[in-house]
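What follows is a single structure, written as structure tokens, with notes after it.
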Amino acid sequence: QVRLVESGGVSVQAGGSLRLSCAASGVTVSRWSMGWFRHLPGKEREGVAAINEFGDTAYASSIKGRFTISRDNAKNTLYLQMNSLKPEDTARYYCAADPNYSDMGGVPGAPVFSYWGQGTQVTVSS
């Protein structure tokens with residue numbers, strides 16, 4: 001059974017940093033494509049960053065240079081390091097996983113991913 005559990009979301013001031021974690025079970029993060037998405041009520045879910053089994057990464061232009069996706073294979077955990085946070089980064093952040101999709105030409109759309117966590121809330125105040 002696949003389970004993705006996000007953590008690390010808190011309230012932070014603009015300019016600050018956070019690291020989100022996604023603890024995975026039933027998934028091998030080193031062999032699957034993994035992604036981070038964010039969602040605000042009334043808006044579409046936005047792909048933030050993704051990584052495939054080869055270590056190729058893709059980032060949304062809105063966060064490129066500020067966020068970094070990584071994984072710890074020994075802990076089977078996915079991370080999102082978020083620096084220079086802005087109020088517009090406020091959203092609920094979700095971890096997603098898929099065993100088959102590998103194309104990191106851009107951040108894959110949400111329908112690509114088969115499994116999702118429950119999300120963690122990030123609030124950035126100005």
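The 12-atom threshold is not exceeded at CD of Q118, counting heavy atoms of other residues, nucleotides or ligands nearer than 6.0 Å.
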Derivation and outcome, side-chain hydrogen bond (donor to acceptor under 3.5 Å, both in side chains), residues Q81 and S17: CA-CA 7 Å; Q81 178 66 42; S17 297; 4.6 Å; no
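Closest approach of V29 to R71, counting heavy atoms only: O-NH1, 3.5 Å. Considering all non-hydrogen atoms of both residues, S126 and A14 come closest at CA-CB, 4.2 Å. Minimum heavy-atom separation, V27 to N76: O-ND2, 2.6 Å. For P99 against S114, the heavy-atom pair with the smallest separation is CD-OG, 4.2 Å. Summarising the geometry of C95 relative to L78, their closest heavy-atom pair is SG-CD2, 3.9 Å, with the distance given to 0.1 Å. Pairing each heavy atom of H39 with each of E44, the nearest pair is CD2-C, 3.9 Å.
Membership of the apolar cluster around V112 extends to F37, Y94, Y101, F113, W116, as traced through chained side-chain contacts below 4.5 Å between ILVMFWY residues. The hydrophobic cluster around V107 extends to none of the other residues, as no ILVMFWY side-chain heavy atom falls under 4.5 Å of it.
For T123 (side chain) and T90 (main-chain N/O), no donor-acceptor pair under 3.5 Å exists by modelled atom type. Remark: the backbone N or O of T77 is not paired with any side-chain donor or acceptor of D72 at under 3.5 angstrom.
Hydrophobic clustering, with ILVMFWY side chains joined whenever heavy atoms are under 4.5 angstrom apart, groups L20 together with L85. Hydrophobic cluster membership differs between V122 and L40, with clusters built from Ile, Leu, Val, Met, Phe, Trp and Tyr side chains linked at under 4.5 angstrom.
Sorted pairs that involve residues 20-37 and meet side chain to side chain donor-acceptor pair (under 3.5 Å), not counting sequence neighbours, are lacking altogether. Screening residues 76-87 for salt bridge (charged side-chain N to carboxylate O under 4.0 Å, His left out) gives no qualifying pairs among residues at least two apart or on separate chains. Within the structure, side chain to side chain donor-acceptor pair (under 3.5 Å) contacts touching residues 1-14 (residues at least two apart or in different chains) do not occur. Screening residues 88-107 for salt bridge (charged side-chain N to carboxylate O under 4.0 Å, His left out) gives R38-D89, R66-D89 as the qualifying pairs, with residues at least two apart or on separate chains.
Rounding to the nearest 0.5 angstrom, the gap separating the OG1 atom in T120 from the CG atom in L80 is 11.0 Å. Note that CE of M82 and CZ of R19 are 13.0 Å apart. Values are rounded to the nearest 0.5 Å.
Annotation: side chain of M34 is in contact with side chain of L4 (closest heavy-atom distance under 4.5 Å). Proximity of M104 to F54: side-chain heavy atoms (C-beta onward) are nowhere separated by under 4.5 Å. Residues T68 and Y79 have side chains not in contact (no heavy-atom distance under 4.5 Å, counting atoms from C-beta outward).
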